[in-house]
Amino acid sequence: MTPVSRLAPSVPAASAPDPALRKAAEAFEAVMLRQMMASMRQAKLGDDLFGSSATENFREMSDAKMADTMASLRQFGIADLVERQLTKNSATPATTQAEPKGTSR
C-alpha cells in the first residue's frame, strides 16, 4: 500500500508566500471586481437624478477604490485561487526536471 504522503505533490509545506505574487493576485481580483461593478452599474434600474459625466467619472473612481479595498480584504477568494494556481505551476517544473543526457544512476 502506498502512503498518502507519497501521493501528494512535493511542494514545501512551510514555503513563504511570494509578496509580488500576492500583490499581483490581489490586483487581478480588483480588476475582476471592477468589471463586475461596472456591469452592475450598466443595469440602470432607475433614472439617474443627477446624471452628468462628472458624476459618472466620480462613480467609476469610487468603484475602482471600492474594488481595490474589497480585493485587499481577500473575501471573494479569487486572489487566493490565482495565487494557489500560480504557486502550484511554478513548483511543478522544479520537481519534474529530467536528467541530462549521458547521466546514469
Side-chain angles (χ1 to χ4, degrees):
M1 185 178 246
T2 305
V4 175
S5 61
R6 293 184 72 198
L7 296 176
S10 59
V11 177
S15 64
D18 183 11
L21 179 60
R22 184 176 204 84
K23 185 176 180 179
E26 284 182 11
F28 180 78
E29 182 170 352
V31 169
M32 296 292 291
L33 292 172
R34 280 186 204 131
Q35 292 294 319
M36 182 181 69
M37 293 171 81
S39 294
M40 292 186 325
R41 291 271 185 214
Q42 287 177 352
K44 293 191 179 183
L45 299 176
D47 292 333
D48 194 8
L49 296 176
F50 306 108
S52 70
S53 63
T55 303
E56 187 175 325
N57 286 338
F58 178 76
R59 281 192 183 135
E60 287 176 10
M61 290 189 304
S62 175
D63 288 349
K65 181 64 177 170
M66 178 69 75
D68 291 341
T69 302
M70 289 166 52
S72 70
L73 295 174
R74 300 176 76 97
Q75 293 295 313
F76 286 87
I78 298 170
D80 293 329
L81 291 173
V82 168
E83 187 176 359
R84 188 178 318 134
Q85 184 68 33
L86 294 177
T87 301
K88 182 174 70 172
N89 286 345
S90 67
T92 301
T95 60
T96 60
Q97 289 181 348
E99 291 183 14
K101 288 185 178 182
T103 308
S104 61
R105 285 193 167 181

Minimum heavy-atom distance E29-G77, with the two atoms named: OE2-N, 4.0 Å

Are M66 and F76 connected, step by step, through hydrophobic side chains (Ile, Leu, Val, Met, Phe, Trp, Tyr) whose heavy atoms are closer than 4.5 Å? yes

On a heavy-atom basis, which atom in A30 and which in A67 lie closest, and how many Å separate them? O-CB, 3.6 Å

Between M40 and M70, is there a shared hydrophobic cluster once you connect ILVMFWY residues whose side-chain heavy atoms come closer than 4.5 Å? yes

Going by the side-chain hydrogen bond (donor to acceptor under 3.5 Å, both in side chains) test, which pairs reach into residues 67-77, not counting sequence neighbours? E26-R74, R34-D68, R74-D80, R74-E83

Worked check of side-chain contact (heavy atoms from CB on, under 4.5 Å) between Q85 and V82: CA-CA 5 Å; Q85 184 68 33; V82 168; 5.9 Å; no

Treat each ILVMFWY residue as a node, draw an edge where side-chain heavy atoms are under 4.5 Å apart, and state whether V31 and L21 are in one component. no

